[in-house]
Amino acid sequence: MSLNLSGSDLSVHPRTTAGQHLSLVVGGLLVVFGVAGFVVSGFSDWTGGTQEQQVIGFSVNPLSSAVHLVLGVLGLLARTGRRRARWYGIVVFLAFAGLFAWGASSDGSGDTALNLAWPITTLHGVLAAAGVVIALVPVKAGRRQSTAELR
């Protein structure tokens, strides 16, 4: 804390943006979903899986759980900076838009390496949209008051 001669506090506390908060929420949900996926599917047969291996109605396998866990941890780390949150939104959009396209182009039976059935494919589409929102929210945390406005 730095004080000027009048005794007022001149230190500026960093503010967080909506993108940082959204990256924290999305990252936290993905970490929980990834860990729950490992609990359900275990660590063997990474690209296998059946429709019976589900977390709240979404089919999982160890590979998809690892993808969700990695993207979730990145989201938690992106919370630490404005620009990191924006880049995280771009990465989330690209990753989940690709997974959505892959799942939509398959027959929906879950016979892909990531066990992509229609419910999880739809979730990937929603997460891709969330990535766009994270990437497009303003990076600036707002206008700081000038010293003239502080009086």
Side-chain angles (χ1 to χ4, degrees), residues 1 9-146 149:
M1 175 162 70
D9 183 11
L10 292 180
S11 65
V12 177
H13 300 286
R15 300 181 197 174
T16 56
T17 64
Q20 288 173 275
H21 293 296
L22 288 171
S23 67
L24 177 67
V25 170
V26 170
L29 290 173
L30 285 172
V31 165
V32 169
F33 191 71
V35 169
F38 278 122
V39 169
V40 170
S41 65
F43 293 94
S44 62
D45 196 16
W46 277 76
T47 59
T50 63
Q51 295 303 312
E52 290 78 35
Q53 293 179 336
Q54 294 185 355
V55 174
I56 60 172
F58 300 109
S59 58
V60 294
N61 67 9
L63 182 58
S64 67
S65 297
V67 169
H68 292 132
L69 189 60
V70 167
L71 288 171
V73 169
L74 287 176
L76 297 178
L77 294 174
R79 165 68 165 84
T80 61
R82 298 174 191 155
R83 300 213 187 277
R84 283 185 213 100
R86 174 165 282 176
W87 278 106
Y88 175 69
I90 293 168
V91 168
V92 164
F93 168 72
L94 292 174
F96 286 117
L99 289 171
F100 174 77
W102 186 12
S105 66
S106 69
D107 61 1
S109 65
D111 292 335
T112 61
L114 289 170
N115 205 9
L116 297 174
W118 281 110
I120 194 73
T121 299
T122 305
L123 178 65
H124 289 158
V126 170
L127 288 169
V132 170
V133 171
I134 292 169
L136 293 182
V137 292
V139 173
K140 291 185 179 181
R143 190 176 67 83
R144 293 186 181 147
Q145 293 179 336
S146 72
E149 294 174 329

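Heavy atoms only, all atoms of each residue included: A85 and S23 are closest at CB-OG, 4.1 Å. The two residues F100 and H124 have their closest heavy-atom pair at N-CB, 4.1 Å. Annotation for V137 and R86: closest pair O-NH2, 2.9 Å, computed over non-hydrogen atoms. Residues A130 and V26 come closest through the heavy atom pair CB-CG2, 4.4 Å. Between R84 and A78, the shortest heavy-atom contact is O-CB, 3.6 Å. Taking both residues in full, the closest heavy atoms of V73 and V31 are given as N-CG2, 3.6 Å, listed atom of the first, atom of the second, then distance.
Put simply, OG1 on T17 and CZ on R83 are 10.5 Å apart, with the number rounded to the nearest 0.5 Å. A distance of 16.0 Å separates CG of L74 from CZ of R79, quoted to the nearest 0.5 Å. How far CD1 of I56 is from CG of L123: 8.0 Å, rounded to the nearest 0.5 Å.
You'll find the side chain of F93 stays beyond 4.5 Å of the side chain of I90, heavy atoms only. With a 4.5 Å cut-off on side-chain heavy atoms, H21 and T16 count as touching. With a 4.5 Å cut-off on side-chain heavy atoms, L99 and T121 do not count as touching. Side-chain contact between Q20 and L24 is absent, with no heavy atoms from C-beta onward closer than 4.5 Å. At least one side-chain heavy atom of L127 sits under 4.5 Å from a side-chain heavy atom of L30.
A donor-acceptor pair under 3.5 Å is formed between the side chain of Y88 and the backbone N or O of L71.
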